[in-house]
Number of protein chains: 2
Amino acid sequence: MTKKYDGFMPEWEHTAPPEKSFRSIFKWGSPTEYKSPNERLYKVMKDTFGLTDDYFKKKQEEGLKTVDVEVPIQLSQEQIETFSSIVGQEHIKKDTYTRLKVSYGNTMIDLMRLRKGIIEHLPDVVLYPSNKTQIEAIVRYCSQEKIPIYCKSGGSTVTRGMEAVKGGVSLDLAVNFNKVIAFNEKNQTITVESGMQGPELERVLNGAPELLGASKPYTCGHFPQSFEYSGVGGWVVTRGAGQNSSYYGKIEDIVICQEYATPVGVIKTEEYPAMATGPSIDQIMMGSEGAFGVLTHVTLKVFRYMPENRIRFSYIFPSWENAQAAAKEITQGEFGMPSVFRLSDPEETSLMLKLYNVEGTKLGSIISKRGYKPMERCLFLGFTDGEKGFCKNMKKKLHRICKKYGAMYLTGYPTKEWEKGRFKDPYMRDALGDFGVIIDTMECSVTWDTMPEVHQGLREYCKARPETICLTHMSHVYPQGANLYFIIIARMEMEEYLDYQAGILDNYIKYGAAISHHHGVGKSFGPWLEHDLGANGYSIIKTLKEHFDPDNIMNPGGTLGLDVEKRELKFK
Amino acid sequence: MTKKYDGFMPEWEHTAPPEKSFRSIFKWGSPTEYKSPNERLYKVMKDTFGLTDDYFKKKQEEGLKTVDVEVPIQLSQEQIETFSSIVGQEHIKKDTYTRLKVSYGNTMIDLMRLRKGIIEHLPDVVLYPSNKTQIEAIVRYCSQEKIPIYCKSGGSTVTRGMEAVKGGVSLDLAVNFNKVIAFNEKNQTITVESGMQGPELERVLNGAPELLGASKPYTCGHFPQSFEYSGVGGWVVTRGAGQNSSYYGKIEDIVICQEYATPVGVIKTEEYPAMATGPSIDQIMMGSEGAFGVLTHVTLKVFRYMPENRIRFSYIFPSWENAQAAAKEITQGEFGMPSVFRLSDPEETSLMLKLYNVEGTKLGSIISKRGYKPMERCLFLGFTDGEKGFCKNMKKKLHRICKKYGAMYLTGYPTKEWEKGRFKDPYMRDALGDFGVIIDTMECSVTWDTMPEVHQGLREYCKARPETICLTHMSHVYPQGANLYFIIIARMEMEEYLDYQAGILDNYIKYGAAISHHHGVGKSFGPWLEHDLGANGYSIIKTLKEHFDPDNIMNPGGTLGLDVEKRELKFK
């Protein structure tokens, strides 16, 4: 039993943000839902940052002010009327608050700007199209008038993906462009409008027998951490991955075909399971991040919904080296892949044992007694998906491999604790932010052989800054490697943070990691893309941009680094 | 026991072709290996074609003549000397025989032309580069001089993929550009030169402990029917698939990264397991079929070599409808995929039972007694790959589904019979061709919901021609659908065949199938590609071509339909 904590705790904000306030824009998720650090995380922060309870008695920059500035509109009256006539006059908005809400996402710098009341890069108007014909008309008209177009589906970008740097129009697709277009149970596919939101898609699929007249319930298999507030369009155009991607695949593995409205016309691919018909057009459009056109319809694979087969597991490894070796052996074992696969490095393990309520319990003391040492031991947790016998066999194989590398089985309990918070962690950003503490995530992709060096190199860089918590895990695994996901918790101001983040990207390039495994590139990482792909590789992207969007009206202002200056890397 | 056959059999050719003869070019595989129809297939042919034994007493157009025509070379002396200086003078050839051998592949029209002694579309010289630096130099020089470049790795193209329509140089990569560049056991990847041949790659991987200092043996997992005479370069640039692709994936799933020498410089992708860094450059280059550049190095995933875990199975279904329903349920069952998955339609089943020595045996009579009717019943065979428990679970699940759809288990025997011939069938083309009978294959990709219509529509078209055998199977399956592979056996002359083949492609478009699942597009199917992708989709391919190869020197003359007139479809 954990002893009840009776010391000081900060007054984490548990009030809905004022209407039309800056806070109402940056606050994650539901206005009335919150997540704050438990006493153990709070203590870690105080210790790491060298702070006392006193510091946490006063909140900073809460963003409670109302967004009431008028920002002038550059579009002509005629242009606005044309947009009105396309989408209907009730589906166009011009107020600053709405324009700000669709331009800023969940990038750290968005949150920081909103806390400070900084308003920049607004679209002139926000449109709420209801069908793809309207979107095609908007793209045609914008091409003719050279008006920039930005899109929002869920709005959970962490790369300034939808920021309307050049003004123009923003399409908020989530509002009216969010319907199921077709469900094909025979092919196990669903076609949806790109503004469809994750939870709605999953609700419809889980309820397929009642809602779609299907013989069975289904799942979309795609659950990013932002799931509850993310949209299908964003998943697809950024090449996102869900927390279950090791089993279900990244979104590019799940997409079957797509339709885009581009300045050069409609690009539509067909529903085939596989082809040998030249370069893949689907794989050209995925990753285009709004810079080539607007994704309208997308057809996704769906999977059997069989949560009853799910087997939860967790293990503690004696070291990061052993943990990596086991991860490699599991992914290369050819018995299928676990669905959730989350393996924390020693610093993250230390915190996770606190957050998942293991530390201080009997389980916690057994771990220590058995010789799994703090800042050496690594927590591994996850669960299986798929057919029952397939799951059972996987559990058996996995167990054998973990044992081989000296791991101790910790039951399914820590996994259940993780599940409780799996979509809730973003709420914590708001609680911490009130006290000037940022919590941000940066992830990359590595092979097994470079993983130790990337991990060490990045930790060295990140920890060279004093008073900085740096947690790392792999959460998407492959026979050839995995992602590495870095979580930074520190007190940092905007300018320092941008510089620090740039250093992380520089180091990804330096140590040979791909600069993004599933967050996309957006405008934040754009200047690094040419370094990542090489000049000749990058020139293909520029040619494609020129092909689709000769007037640079599609998500202009830095997306994929297309219209910004190339960055000089620090270490060069 | 089958009764010993004592009737007439044609004198199938069992002599090595004369040196430097046309036959030595078109004869499949080893000069001293043969495969000819058994008496049951022979009888089917006689019956279908309305022929007597007499017809099969005299061979036609055997291509025994020596290739001794001199075909003038268009390149200047200086150009030839430059090529000599790049590759070394012992690595350049100018004789007609060699030039013909690298230009024609295994397309039906190649075989027909060679039997008739038709020589056309020769490269001026054949080069045998030894490393990627030489290939880069060749591409640079050809760009400067506007000399066309063609490539051969294995030469097993069935789409006129390497035909040197515009003259210039052909690079025969198989001869000196066929080495292992790197083996990374930690990442389970191997990097090879693109002229590496299939069997050599597999030999090296199976023998990895001795040959590569590895801890275990590995497999490449890619076994097209042409495996014994196909090369890695061809697999990759055409988006090929092996017979085990349902488990291991198509080649585009197996490739990790690549390097190309193109007229605009080297395109090199990096070894990452997954990324979210814009449009996929790998997926742009795969499928480019030599029209963007020359693939030099390629890094492939490798897999554990565990043939001891393989479980063979075969079943007979009462009908094509039941067979399709079972296939769909298996692929959607989420217990993993069988490695080989081959399901024949009724006409193919009828022939396969003859070829695999089931008909006439006790097993054959049990099938009939149990009510599985000729021209209704469907043969399903295959085997599993992967970890032992994974295979065992799959077998159990598969059995349950087959039973549910009324199938009878036929043991692993027919699968073993199939395995004996799995790479040998192409030899039969030569035996039949001697009597004016062609055997050709055309495949497409369909979803489960369109499969019945595509199958029926194509069969109607194919069988509308009298005296034509049309066999169909699916051999690469996915949760969303499968390929359909049509085998045509008939007496046909070249002109009629080309027209007939065009009709098949027209019908793929008409019934909504992708025109190629794994044979690629090449020059044969090029004129249909724009119909397949749509005008706007196809224009992306044209833009990419212009980007990489503004002077049209890379595999010019129809590849991907890029420099030929668009075809008007018959049914329009």
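First the proteins, then the strands, lettered A, B, ... as listed; each starts at 1.
Residue contact with chain A, scored on non-hydrogen atoms closer than 4.5 Å, involves the backbone and the side chain of S539(B) alike. For a residue to count as touching a neighbouring chain, one of its non-hydrogen atoms must lie under 4.5 Å from one of that chain's; by this rule M306(B) touches chain A with the side chain only. Proximity to chain A is limited to the backbone of E185(B), based on heavy atoms less than 4.5 angstrom apart. For I284(B), the parts sitting under 4.5 Å from any heavy atom of chain A are the backbone and the side chain alike. Using a 4.5 Å cut-off between heavy atoms, F390(B) contacts chain A through both its backbone and its side chain. Contact annotation for F303(B): both backbone and side-chain heavy atoms come within less than 4.5 Å of a heavy atom of chain A. Neither the backbone nor the side chain of S245(A) comes within contact range of chain B, judged by heavy atoms closer than 4.5 Å. Using a 4.5 Å cut-off between heavy atoms, K268(B) touches chain A through its backbone atoms (N, CA, C, O) alone. For chain A, the nearby parts of T447(B) are the backbone and the side chain; heavy atoms of each come within less than 4.5 Å. Looking at K301(A), both its backbone and its side chain come within 4.5 Å of chain B, counting heavy atoms on both sides. Contacts of I540(A) with chain B are made by both backbone and side-chain atoms, with heavy-atom separations under 4.5 Å.
Looking at Y478(B) and I256(A), their side chains never come closer than 4.5 Å, going by heavy atoms from C-beta outward. Side-chain contact between L544(A) and L544(B) is present, with heavy atoms from C-beta onward closer than 4.5 Å. Side-chain contact between Y247(A) and E334(B) is present, with heavy atoms from C-beta onward closer than 4.5 Å. At least one side-chain heavy atom of T277(A) sits under 4.5 Å from a side-chain heavy atom of L529(B). Side-chain atoms of H476(A) and P273(B), non-hydrogen and from C-beta on, never get closer than 4.5 Å to each other. Side-chain contact between E387(A) and N393(B) is present, with heavy atoms from C-beta onward closer than 4.5 Å.
Here L533(B) is the residue among L533(B), V264(B), T238(B) with the most heavy-atom pairs under 4.5 Å with chain A. When each of N483(B), I281(B), V237(B), I251(B) is scored by its heavy-atom pairs under 4.5 Å with chain A, the top score falls to I281(B). Most heavy-atom pairs under 4.5 Å with chain A, from the set N187(B), L560(B), T559(B): that is N187(B). Counting heavy-atom pairs closer than 4.5 Å to chain A, the top residue among D449(B), T543(B), V521(B), N536(B) is D449(B). Ranked by non-hydrogen atom pairs under 4.5 Å with chain A, the options A513(B), G336(B), A482(B) are led by A513(B). Annotation: maximal heavy-atom pairing with chain A below 4.5 Å, among P479(B), A514(B), G389(B), occurs at A514(B). Interface check for chain B: of the options G265(A), G520(A), G481(A), A274(A), the most heavy-atom pairs under 4.5 Å are formed by A274(A).
For K392(A), the NZ atom counts as loosely surrounded, since its 6.0 Å shell holds 12 or fewer non-hydrogen atoms of other residues, nucleotides or ligands. Environment of NZ in K216(B): crowded, with over 12 heavy atoms of neighbouring residues, nucleotides or ligands closer than 6.0 Å.
In terms of modelled atom types and a separation under 3.5 Å, the side chain of K250(A) and the main chain of M275(B) share a donor-acceptor contact. Using a distance-only test at 3.5 Å, with no hydrogens or angles considered, no donor-acceptor pair links the side chain of Q480(A) to the main chain of Y272(B).
Between the NZ atom of K542(A) and the NE2 atom of H547(B) there is a distance of 9.5 Å, given to the nearest 0.5 Å. Remark: W448(B) CH2 to T189(A) OG1 distance equals 13.5 Å, nearest 0.5 Å. In this structure, OH in Y218(B) is found 6.5 Å from CD in Q332(A), a value given to the nearest 0.5 Å. Atom CD of residue Q283(B) and atom CD of residue E252(A) lie 9.0 Å apart, to the nearest 0.5 angstrom.
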